[in-house]
Protein chains: 2
Amino acid sequence: METDLISVEDGLTARQQAVLDAVLGLMVESGDQLTMTAVARRANCSKETLYKWFGDRDGLLKATVRWQAARVRAGRYDRQPLDAALLRESLADFAANWLDVISSSTSIALNRVAIAHAGSRESNLGGIVLANGRFAIGERVKPLLEAGRKAGLLAFDDSETAFRTFFGLIGRDVQIRLLLGDAASLRAADIRSDAERATDQFLALYGAGKFNGQSRQPA
Amino acid sequence: METDLISVEDGLTARQQAVLDAVLGLMVESGDQLTMTAVARRANCSKETLYKWFGDRDGLLKATVRWQAARVRAGRYDRQPLDAALLRESLADFAANWLDVISSSTSIALNRVAIAHAGSRESNLGGIVLANGRFAIGERVKPLLEAGRKAGLLAFDDSETAFRTFFGLIGRDVQIRLLLGDAASLRAADIRSDAERATDQFLALYGAGKFNGQSRQPA
DNA sequence: CGCACGCCGTACCGTACGTTACGGTTCATC
DNA sequence: GATGAACCGTAACGTACGGTACGGCGTGCG
């Protein structure tokens with residue numbers, strides 16, 4: 001008897017979390033061979049237990065997505081007080097972190113499953129991934145952008161539009177290529193330089209004249 | 001007896017093309033219920049014929065991807081002679097066309113199938129989609145970028161890097177959101193304005209000083 | 001100790017689907 | 001009109017997998 005009954009924030013016991021980690025491992029390795037039998041074997045538990053804990057296959061997938069999302073919680077980026085250097089550093093940190101996430105094998109596998117799901121069943125896996133991925137990070141970065149605007153460092157009308165541009169400058173074609181199986185591996189150094197390039201480009205577009213001096217947001 | 005035996009460029013008879021269109025239709029509507037029986041019923045053909053023509057299910061999917069790719073062939077964008085206005089127009093046209101493609105239900109369904117495939121089997125569907133999608137358009141736009149550079153309108157070291165930035169400015173988070181089932185419908189007017197915004201931003205980053213006057217490529 | 005509970009391992013059931021096989025029909029050719 | 005090829009519609013087969021049932025085992029509790 002261990003501390004198995006102590007539930008963590010998600011209401012999951014350690015044993016249940018281990019099961020979800022087994023699901024993630026199978027997703028990364030096998031891809032589609034994510035069968036209930038395989039999960040049970042990998043997690044050393046019985047299928048009966050899987051169904052008791054998670055209801056059905058979809059419930060297991062949902063719990064897995066949420067479990068992974070809870071783990072990836074990255075830090076906030078709205079440090080104060082803000083100056084130009086700190087803003088640039090915060091943006092670049094975020095960009096590097098985001099590239100790290102989307103190029104991780106776990107994220108790729110999870111997004112593949114969610115996308116495959118989105119095309120058919122309506123058990124909104126894709127919505128959960130979006131809410132915990134793209135939208136969650138947007139809400140975490142916007143305060144930073146708005147703080148930058150308040151400090152006179154950035155100029156934009158709509159923080160959502162500005163963020164989406166930053167998002168595009170960071171990700172470019174990386175995510176779709178990885179999802180489609182392109183072996184475009186990103187090394188750590190690549191991630192850092194890509195993040196800084198995206199940040200420089202973003203500041204060139206939305207910086208309020210205190211960065212490169214001549215950059216402005218185009219009409 | 002019709003012109004059924006006349007093969008088009010792909011070596012597909014009209015009847016076979018009709019079958020592949022049925023596959024596309026099923027992909028868009030049903031998503032995962034893309035069963036051989038459903039295809040046969042939809043196309044009014046027998047399963048025996050499907051297997052004779054396409055070998056197996058994977059062969060049918062591959063043929064479908066290639067058939068759709070052959071249909072989407074967009075025009076080239078390297079018009080000559082090139083001046084600033086024509087370059088901007090060409091870039092915006094390409095951007096609008098690309099947004100049109102990635103937001104079409106056919107493209108979404110096809111990419112979902114290819115991504116689901118990429119996670120498991122190795123019958124490189126994802127590679128085919130990438131080669132005919134992302135990489136094909138890259139090769140078609142690069143001549144335009146290089147012509148722009150030659151004309152002194154653009155400044156960049158590597159056309160691939162410049163194109164990837166343009167790609168990111170155009171697509172931003174649109175494709176991943178659509179793939180994950182977000183109901184972010186793009187209206188035609190949105191596409192046009194988004195394409196022009198992306199073009200303006202790209203020219204602000206890579207334009208050689210003849211557009212907004214003060215824009216430069218950041219370090 | 002005995003009992004109940006939770007869980008493991010496995011066998012089992014029903015169904016869906018990829019694939020094959022086959023009888024019947026159309027149609028071009030001789 | 002006979003023949004053979006191509007093809008349609010459907011039945012049949014084998015397998016994989018989601019979901020359920022059951023026997024056995026360890027453990028906390030009366």
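Numbered from 1 within each chain, the chains take letters A, B, ... in sequence-line order.
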I want to verify a distance call: between D:dC7, C:dC8, D:dC17, whose nearest atom is closest to the B:K52 side chain?
D:dC7

B:I137 vs B:V101 side-chain heavy atoms within contact, under 4.5 Å:
no

Atom CE of A:M36 to atom P of D:dC17: distance rounded to whole Å?
13 Å

Near DNA chain C, counting only heavy atoms under 4.0 Å, which residues of residues 38-46 of chain A show up?
A:N44, A:C45, A:S46

Run the side-chain donor-acceptor check on residues 124-133 of chain A: report pairs under 3.5 Å with partners two or more places apart or on a different chain.
| residue | atom | partner | partner atom | Å |
| --- | --- | --- | --- | --- |
| A:N124 | OD1 | A:G127 | N | 2.8 |
| A:N132 | ND2 | A:I128 | O | 2.8 |

Closest to the B:K47 side chain, choosing from C:dT19, C:dC7, D:dC22
C:dT19

Please determine if a side-chain N or O atom of B:T37 lies less than 4.0 Å away from the OP1 or OP2 oxygen of C:dG18.
no

d(CG, B:L50; C1', D:dG9) in whole Å:
12 Å

Taking only N and O in the side chain of B:R57, is any of them less than 4.0 Å away from OP1 or OP2 of C:dT20?
no

Return no unless some side-chain N or O of A:T49 is found under 4.0 Å from OP1 or OP2 of C:dC8.
yes

Is a salt bridge present between A:D93 and A:R88, judged by a nitrogen-to-oxygen distance below 4.0 Å?
no

Specify the closest pair of heavy atoms between A:A43 and A:R15, including all atoms of both residues, with the distance to one decimal.
O-NH2, 3.1 Å

Per the side-chain hydrogen bond (donor to acceptor under 3.5 Å, both in side chains) rule, which among A:E146, A:R164, A:K142 passes with A:S159?
A:E146

Assign the ring pair B:F163 / B:F94 to parallel, tilted or perpendicular, where the plane angle (0 to 90°) is split at 30° and 60°.
tilted

From C-beta outward on A:E48, which listed nucleotide comes closest to its side chain: D:dG19, D:dA21, C:dT19?
D:dA21

Could you tell me the separation between the CZ atom of A:F54 and the P atom of D:dT20, rounded to a whole number of Å?
16 Å

Is there a side-chain polar atom (N or O) of B:W53 under 4.0 Å from OP1 or OP2 of D:dC7?
yes

For the side chain of A:Y51, starting at C-beta, report the closest nucleotide among C:dT19, C:dG18, D:dG19.
D:dG19

Return the value, rounded to whole Å, for the distance between atom CG of B:L61 and atom C1' of C:dG18.
12 Å

Do A:R192 side-chain atoms and A:R187 backbone N/O form a donor-acceptor pair below 3.5 Å?
no

To the nearest Å, give me how far apart CG (A:L34) and C1' (D:dA16) are.
14 Å

